[in-house]
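A quick note: this is a predicted structure, and the numbers were derived from the prediction, not measured.
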Amino acid sequence: MPIGDPNGIGPEIAVKAALSSEPGLPRLLLIGDEHVIAHYGEDAPRRIVTPGALPPYTPGVIDLVPSKSIAPADFTPGQCGPASGRATIAYVETAFATARAGLGKAIVACPHNETAVNAAGIPFTGYPSLIARIAGISPDAVFLMLVGAGLRIVHVTLHERLAGALARIDSDLVVAAGLAAHEAVRGLGIEHPRLGIFGINPHAGEGGLFGDDDARITFTAAETLKAKGIKVAPPAGSDLLLSERKCDVYLAMFHDQGHIPIKLLAGRSSAALSIGAGSLFASVGHGSAPDIAGKGVASPTPLISTLKLIASAIAPQEKVTAV
C-alpha cells in the first residue's frame with residue numbers, strides 16, 4: 001500500500017489501517033520511507049519485507065517495503081510540495097515492482113496531492129494516468145471508477161478543462177470506458193452488469209433539440225456496446241438515470257458529472273478504482289488533506305472500506321495481501 005503524499009494524511013491512515021484488527025481486511029504491506037512510517041507508527045514493531053521473504057502474518061506488526069524517496073528534512077506534514085510529490089510517484093512505482101515480484105495481488109494507494117506532483121515537474125492528472133504510464137499503455141485506456149453509496153460511476157474523462165474534455169470525447173472513447181466498466185464490475189461479482197450512459201447534453205440531447213453530440217457519440221457507443229453483448233440502457237440525462245437506479249454501473253462524460261453524486265451521497269467514504277490496465281489498483285475517494293496532516297485526527301475509515309472492497313473482489317474467503 002503506497003502511503004500517498006508523505007506530507008498529507010496518507011502515512012497516518014496507512015499506519016492506522018495496518019494496525020487495525022477490523023475483520024475483513026487484507027494483509028497489508030506499506031510502501032514508503034521508513035522514517036515517515038516510524039513517525040506515525042510510534043512504538044509499533046516494524047519489519048522489512050523483501051522479495052522472496054514474505055514472513056508469516058503477525059497482528060500488530062507493520063510490514064514495510066522501504067522506498068527511500070523523501071529526505072527527513074523535506075518531511076513536513078501539512079506542506080505538500082515538489083519533494084512530497086516526487087515521493088508519491090516513487091511509492092506507486094515501488095508498489096508495482098513489489099506486486100510484480102509476487103508479494104501482493106492488489107495495490108491500494110493512499111491519497112496523492114495533484115498540485116505537489118505537478119510542482120515536481122511530473123505531468124500528472126491522477127492515478128489512472130500514472131498507471132497507464134507504468135503499464136506502457138495509452139492514458140485513454142485507463143479510467144477512474146468511483147464506488148460509494150450503492151453507486152458505481154466510471155469517468156470517460158477526468159482531470160481536465162471541460163472544453164478540452166468535450167472536444168476529446170468520441171464514441172470510441174465511450175466504448176473503451178464501457179468495456180472497462182463492464183469488466184471491472186464483473187470482477188466485483190456482478191456477472192451480467194447493466195450499463196447506464198449519461199448524456200453529454202441535458203436529456204441526452206432531447207432528440208436533437210440540444211445538439212447532435214449525443215446522437216453522434218453516446219447513442220452510437222451504446223449500439224456498439226450492445227453489439228458486443230453488453231446490456232446497455234438507452235443514453236439519458238444523468239439526473240434521470242440516477243433517479244431510476246436501474247443500472248449496475250454508469251458512465252459519466254466528465255469529472256463533475258460523476259463526482260458530484262458520489263461525493264454527495266457517500267461523502268469521503270467512496271473508493272476510487274483505476275480500471276482498464278489489467279491490474280487491480282484502488283485508492284480512497286478523498287484528497288491528502290494537508291490542513292489536518294500530522295495532527296493525529298485523520299480517519300482511516302474510507303481506506304479500510306476500500307481495502308475490504310478490494311479484498312472481497314480478489315478472494316472472498318482468502319486472506320490476501322495488498323501492497
Side-chain angles (χ1 to χ4, degrees), residues 1-18 25-38 40-41 46-55 57 62-70 83-114 116-117 120 122 124-137 139 142 144-145 271-285 288 300 302-304 306-311 313-314 320-323:
M1 181 165 66
I3 62 174
D5 191 300
N7 287 338
I9 62 170
E12 179 183 340
I13 61 175
V15 167
K16 288 178 176 177
L25 282 174
R27 180 178 182 179
L28 301 180
L29 303 181
L30 301 195
I31 313 290
D33 282 273
E34 186 172 10
H35 68 89
V36 175
I37 293 170
Y40 290 100
R46 301 182 304 279
R47 59 187 174 189
I48 303 299
V49 176
T50 57
L54 184 63
Y57 171 68
I62 297 175
D63 288 324
L64 166 66
V65 177
S67 175
K68 296 181 179 179
S69 304
I70 189 167
S84 65
R86 279 190 294 272
T88 302
I89 302 304
Y91 299 154
V92 175
E93 291 173 338
T94 300
F96 271 91
T98 301
R100 286 194 294 266
L103 290 181
K105 295 183 178 180
I107 298 172
V108 178
C110 291
H112 59 73
N113 185 291
E114 199 165 311
V117 177
I122 304 171
F124 182 73
T125 60
Y127 280 138
S129 62
L130 173 63
I131 292 164
R133 180 174 65 77
I134 292 173
I137 61 178
V142 184
L144 176 73
M145 178 167 73
L273 281 68
S274 295
I275 63 174
S279 57
L280 195 50
F281 183 100
S283 181
V284 289
S288 57
L303 177 59
I304 287 173
T306 301
L307 287 163
K308 287 182 176 181
L309 174 68
I310 295 305
I314 300 173
V320 299
T321 303
V323 299

Q: Compare every heavy atom of V142 with every heavy atom of A132, then report the nearest pair and how far apart it is.
A: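 Of all heavy-atom pairs spanning A132 and V142, the closest is CB-CG2, 3.7 Å.
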
Q: Quick check: do N113 and T88 have side-chain heavy atoms less than 4.5 Å from each other?
A: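 No, too far: nothing below the 4.5 Å cut-off.
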
Q: What pair of heavy atoms forms the shortest contact from D5 to G85, and how long is it?
A: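 Smallest interatomic distance, heavy atoms only, reads OD2-N, 4.2 Å.
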
Q: Tell me every residue that passes side chain to side chain contact (heavy atoms under 4.5 Å, CB included) with R133, counting only those two or more places apart in sequence or in another chain.
A: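 Applying side chain to side chain contact (heavy atoms under 4.5 Å, CB included) to R133 gives I89, E93, L130.
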
Q: At their closest point, which heavy atom of G276 faces which heavy atom of I137, and how far apart are they?
A: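 Shortest heavy-atom contact: O-CD1, 4.2 Å.
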
Q: Rounded to the nearest 0.5 Å, what separates atom CG in N7 from atom OG in S84?
A: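 So the gap between those two atoms works out to 4.5 Å.
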
Q: Which heavy atom in A271 sits nearest to a heavy atom in L309, and how many Å separate them?
A: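 In terms of heavy atoms, the two residues are closest at CB-CD2, 4.0 Å.
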
Q: Taking S283 for the side chain and A272 for the main chain, is one N or O donor matched with an acceptor at less than 3.5 Å?
A: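 Looks like no, no N/O pair under 3.5 Å.
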
Q: Sort out for me which residue in I3, I37, V36, L28 forms a side-chain contact (heavy atoms from CB on, under 4.5 Å) with V15.
A: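 The option that passes is I37.
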
Q: Go through the side-chain N and O atoms of D63 and Y57 and say whether any donor and acceptor fall under 3.5 Å apart.
A: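 No, because no side-chain N or O of D63 sits under 3.5 Å from a partner of the opposite role on Y57.
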
Q: Let me confirm one number: the CD1-OH distance from I134 to Y127, rounded to the nearest 0.5 Å.
A: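 Here the interatomic distance stands at 10.0 Å.
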
Q: Side chains of V49 and P55: does their closest heavy-atom pair fall under 4.5 Å?
A: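 They are in contact (side-chain heavy atoms under 4.5 Å apart), so the answer is yes.
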
Q: Only one of I310, V108, T306, L144 clears side-chain contact (heavy atoms from CB on, under 4.5 Å) with L273; which?
A: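 Testing L273 for a side-chain contact (heavy atoms from CB on, under 4.5 Å) against I310, V108, T306, L144 leaves exactly one candidate, I310.
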
Q: Roughly how far apart are I70 CD1 and H35 NE2, rounded to 0.5 Å?
A: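 Reported value, rounded in 0.5 Å steps: 6.5 Å.
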
Q: When rounded to the nearest 0.5 angstrom, what distance separates OH in Y40 from CD1 in I13?
A: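 Result: 10.5 Å between the selected atoms.
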
Q: If I take atom CD1 from residue I62 and atom CD from residue E34, how far apart are they, to the nearest 0.5 angstrom?
A: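 Reported value, rounded in 0.5 Å steps: 10.0 Å.
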
Q: Of the non-hydrogen atoms in S69 and A90, which two are nearest, and what is the gap between them?
A: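 Closest approach of S69 to A90: OG-CB, 3.3 Å.
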
Q: Would you call Y91 and C110 a side-chain contact if the rule is heavy atoms closer than 4.5 Å?
A: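 Contact flag for Y91/C110 side chains = no.
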
Q: Nearest 0.5 Å please: distance from the CG atom of L29 over to the CZ atom of R47.
A: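 Spacing of CG (L29) from CZ (R47) equals 9.5 Å.
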
Q: Going by the angle between their ring planes, with limits at 30° and 60°, are H112 and F124 parallel, tilted or perpendicular?
A: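 Because their plane-to-plane angle is over 60°, the rings of H112 and F124 count as perpendicular.
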
Q: K308: which residues meet the side chain to side chain contact (heavy atoms under 4.5 Å, CB included) condition with it, sequence neighbours left out?
A: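 In terms of side chain to side chain contact (heavy atoms under 4.5 Å, CB included), with neighbours along the sequence ignored, K308 is linked to E22, L25, I304.
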
Q: Is any side-chain heavy atom of R86 less than 4.5 Å from a side-chain heavy atom of I122?
A: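 With C-beta onward as the side chain, the pair touches.
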
Q: What residues form a side-chain hydrogen bond (donor to acceptor under 3.5 Å, both in side chains) with S129, not counting sequence neighbours?
A: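 Per chain and number, S129 pairs via side-chain hydrogen bond (donor to acceptor under 3.5 Å, both in side chains) with T125.
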
Q: Which pair of non-hydrogen atoms, one from T94 and one from S67, has the smallest distance, and what is that distance?
A: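 Minimum heavy-atom separation between T94 and S67: OG1-OG, 3.3 Å.
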
